[in-house]
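Take a look at the structure set out below.
Throughout, a chain's letter reflects where its sequence line sits, starting with A, and its residues are numbered from 1. Treat the numbers as computed from the prediction; the structure is a model and nothing was measured.
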2 protein chains.
Amino acid sequence: MSRSPAPHGRTGRPPLTSRAQILVAARRLIDQDGWEKLTIRRLAAEIGIGTTTLYHHIRNKDDLLLLLLNHHIEQIERPQLPGDPRERVITAATALHDALTAWPWAAEVLSADGFVGLLDESAMWMVEAIVAGAGDHGCTPEQSVDVFRNIWYYTVGEVLVRAHSARRLGEGRPFAYRDDLDPSHVPHLAAIGVRWAALAARDIYPEGLRTFVDGLLAQATPRGAG
Amino acid sequence: MSRSPAPHGRTGRPPLTSRAQILVAARRLIDQDGWEKLTIRRLAAEIGIGTTTLYHHIRNKDDLLLLLLNHHIEQIERPQLPGDPRERVITAATALHDALTAWPWAAEVLSADGFVGLLDESAMWMVEAIVAGAGDHGCTPEQSVDVFRNIWYYTVGEVLVRAHSARRLGEGRPFAYRDDLDPSHVPHLAAIGVRWAALAARDIYPEGLRTFVDGLLAQATPRGAG
DNA sequence: GCTACTTTCGGAACGTGTTCGAAAAGTCAA
DNA sequence: TTGACTTTTCGAACACGTTCCGAAAGTAGC
């Protein structure tokens, strides 16, 4: 593809590779072998180009992953946002959480470079919905930003910890249990003992999110909501 | 050092290198040039041994960082824990947060492998204090574990996001601001505009933690606390 | 046709964490 | 003293992300 003799006015050597082509090949590799196996060299070989040629179409690997994430988020169907501001915050945060859970490496990239400045506008509705929900509930703009940031910290932490814990789930102890705990030093932990693993395997994000949002919104309105 | 002819009963070639020696050298390198500059090869060169010799004394680099973190936590003075269970949870979580903030790469290692199973017992008092505080407040053991996990998610998320955002603070936009936001699509974000950067630079962990802990403990006791 | 200029392509090389396998240096039993 | 065994040491090598720099392939002006 892309074999036109010259798009007129364009100078320089005509490109054989397009960014769209790279993204398609990357998605194919991820679907086939998982995103852990996606390397720059493998991707270039899959396309049939030199390794360093990729760097004329993407800044680096993080940039590539970010482009893939943005495309993934665009595919997500936007949920119907409830009328209640609190429920709107919950719905948007849950959508954010689900999107990141599906592509856990994205959370690494995002936490590594700051969230809002990197995503396309097609993903901004989640941030907007949270900030707007907080505002409609009676928060000042400053408080609304705080609400979003707190939710973001909690969400990215949950996604990262659980994604990385799941990797070790096949081998050895599932989440985090030690059987060498001294009951005289850490009595409560020792009493929980082996049950920790089972307890830690449960998904507590929905409940934790509700609790956190309730607290954040309540704190923002010291006297009656609007 | 370590030049005794044979510690009796020990077979095999006598070691020239000790794990303690490696840890001391690693701390010296980190203090000199920062932990970003700590590489396996530099560390080996600093000690004066072959690169691969290190791998007979540590499992891998993450293991090395974990050993350093454990040593760092041991050095921390344990704060006087308040009598009020809620304040005890806050104090322990804050100590956890401060320890991770001082060594941000540690949060990566910990989130990558699960928390409790990796730290020495000298760091377990933080987990114990949180779980015990929740229990003393009236939580069941299951609820207490949930309280800890929620706090852990929030804390590790905050540390990771802020540590990685700080890296980009010198170049370009500090945290996350886009000036290409369409007010008709994201009115609240557009209204906040450039103020986002200043708002996002503030430290909201202490307040967010209090809010979260209040909500978590309140939810755990539907009818009056003990 | 020739010379600039511009853009794309890609091989070579660097530094990284890590693995493999062989050599070195000790103990122990015969 | 010899041979088996065990542990430590480390050079060679691998795959990774990334940078450098020269070659390739087009247009634009003369």
For nucleotides 18-21 of chain C, print each protein N/O atom paired with a nucleotide N/O atom at under 3.5 Å, atom names and distance only.
from   : atom 1 : to      : atom 2 : distance (Å)
C:dT18 : OP2    : B:Tyr55 : OH     : 3.0
C:dT18 : OP2    : B:Lys61 : N      : 2.8

N/O to N/O distances under 3.5 Å, protein versus nucleotides 23-25 of chain C:
from   : atom 1 : to      : atom 2 : distance (Å)
C:dA24 : N3     : B:Arg13 : NH1    : 3.3

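When each of B:Gly48 and A:Lys37 is assigned the nucleotide of DNA chain D with its nearest heavy atom, B:Gly48 is the one assigned upstream, toward the 5' end.
A straight line from CD of A:Glu36 to P of D:dG17 spans 13 Å, rounded to a whole angstrom. When rounded to the nearest whole Å, the span between CG of B:Leu64 and P of C:dT16 equals 15 Å. Here C:dC9 presents its P atom at 11 Å from CD1 of A:Ile47, a figure rounded to the nearest Å. When the C1' atom of C:dG10 is taken as reference, atom CG of A:Leu16 falls 12 Å away, rounded to whole Å. Atom CG in A:Leu43 sits roughly 13 Å away from atom C1' in D:dG17 (whole-Å rounding). Look at CH2 on A:Trp35: it is 12 Å from P on D:dG17, rounded to the nearest Å. If you measure from atom CG of A:Leu54 to atom C1' of D:dC20, you get 17 Å, rounded to the nearest angstrom. Between the CD atom of B:Gln21 and the P atom of D:dT8 there is a distance of 14 Å, given to the nearest Å.
Counted within 6.0 Å of CZ on A:Arg27, heavy atoms from surrounding residues, nucleotides or ligands total more than 12; the atom is thus considered enclosed. Counting non-hydrogen atoms of other residues, nucleotides and ligands closer than 6.0 Å to CD of A:Glu142 gives a total above 12.
Note: A:Leu43 CG to A:Leu64 CG = 6.5 Å, rounded to the nearest 0.5 Å. The CD atom of B:Glu158 lies 10.0 Å from the CG atom of B:Leu209; values are rounded to the nearest 0.5 Å. The CZ atom of A:Arg78 sits 9.0 Å away from atom CE of A:Met126, with the distance rounded to the nearest 0.5 Å. Once rounded to the nearest 0.5 Å, the distance linking CD1 of A:Ile40 with CG of A:Leu54 reads 5.5 Å.
Applying the 4.0 Å criterion to OP1 and OP2 of D:dT8, one finds that B:His57 has every side-chain N and O outside that range.
Here the side chain of B:Asn70 pairs a donor or acceptor atom with the backbone of B:Asp120 at under 3.5 angstrom.
Residue A:Thr53 is in base contact, counting any heavy-atom pair closer than 4.0 Å across all strands shown.
Counting only N and O atoms by type, the side chains of A:Tyr205 and A:Thr94 include no donor and acceptor under 3.5 Å apart.
The pair A:Asp33-A:Lys37 does not meet the salt-bridge criterion, since no charged nitrogen lies less than 4.0 angstrom from a carboxylate oxygen.
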